[in-house]
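Below: one structure, written as structure tokens.
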Amino acid sequence: MVAGIGVEATLTIDAATPDALKQLDRQWHEKAWPVLAGRGSGAFLILPPGSGGVAIGWVPVKDIAPPGLPSRIAAVTGTAEFVALSADGTHLCAVTEEEYEYWIIVRPLG
């Protein structure tokens with residue numbers, strides 16, 4: 001649902017700009033965070049980034065330091081890419097790296 005020819009970004013950010021990760025953090029917080037974490041809780045599900053994440057499956061997390069999730073993931077894994085699911089299962093949100101851009105994808109489910 002976040003990869004393939006028919007996927008459209010909710011928002012794109014030029015990865016070549018000096019503050020691209022900072023912009024990505026800010027835009028993620030504005031576009032994805034409200035539908036992902038809901039009101040107040042900050043809890044959602046994440047597919048662990050990197051190899052082996054799919055085998056682990058969805059992990060419940062609570063981001064206690066928003067904004068900044070994409071850049072924190074990039075600092076650990078070397079890429080800002082990840083997939084998250086709202087705790088109520090109504091929205092899938094992701095960050096992908098596409099050639100020269102970061103994509104933020106926010107998709108309602110159902």
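All of these numbers come straight from a predicted model, not from anything done at the bench. One-based numbering along the sequence shown.
Between Ile105 and Ala9, the shortest heavy-atom distance links the atoms CG1-CA, 4.3 Å. Heavy-atom minimum distance, Ala15 versus Ala20: O-CB, 3.7 Å.
Note that the CZ atom of Arg72 and the CG atom of Asp25 stand 7.5 Å from one another [nearest 0.5 Å]. Here Glu81 contributes atom CD and Glu98 contributes atom CD; the two are 7.0 Å apart, rounded to the nearest 0.5 Å. With rounding to the nearest 0.5 angstrom, the NZ atom of Lys31 is 10.5 Å from the CZ atom of Arg26.
A single hydrophobic cluster is seen to contain both Leu45 and Val83, as judged by linkage of ILVMFWY side chains at heavy-atom distances under 4.5 Å, directly or through other members. Following chains of ILVMFWY side-chain contacts shorter than 4.5 Å, one can reach Trp58 starting from Val54, so the two form part of one hydrophobic cluster. Cluster membership for Val95 and Val35, using ILVMFWY side-chain heavy atoms within less than 4.5 angstrom, is shared. Residues Phe44 and Ile56 share a single hydrophobic cluster, defined by chaining ILVMFWY side chains whose heavy atoms lie under 4.5 Å apart. Trp33 and Ile13 end up in the same hydrophobic cluster when Ile, Leu, Val, Met, Phe, Trp and Tyr side chains are linked at under 4.5 Å.
Side-chain atoms of Ser86 come within 3.5 Å of backbone N or O of His91 as a donor-acceptor pair. In this structure, the side chain of Thr77 does not engage the main chain of Pro49 through any donor-acceptor pair within 3.5 Å. In this structure, Glu97 contributes its side chain and Ala80 its backbone to a donor-acceptor pair below 3.5 Å.
You'll find the side chain of Ile73 reaches within 4.5 Å of the side chain of Ile46, heavy atoms only. Residues Leu85 and Leu109 are in side-chain contact: their nearest non-hydrogen atoms beyond the backbone lie under 4.5 Å apart. Between Glu30 and Leu11 there is no side-chain heavy-atom pair separated by less than 4.5 Å.
Residue Tyr102 is tested with Thr96, Thr17, Thr79, Leu24 for a side chain to side chain contact (heavy atoms under 4.5 Å, CB included); the sole match is Leu24.
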Problem - Phe82/Trp28 under ring pair (Phe, Tyr, Trp, His ring centres under 6.0 Å): CA gap, chis, key distance, verdict - result: CA-CA 12 Å; Phe82 67 98; Trp28 171 263; 4.8 Å; yes
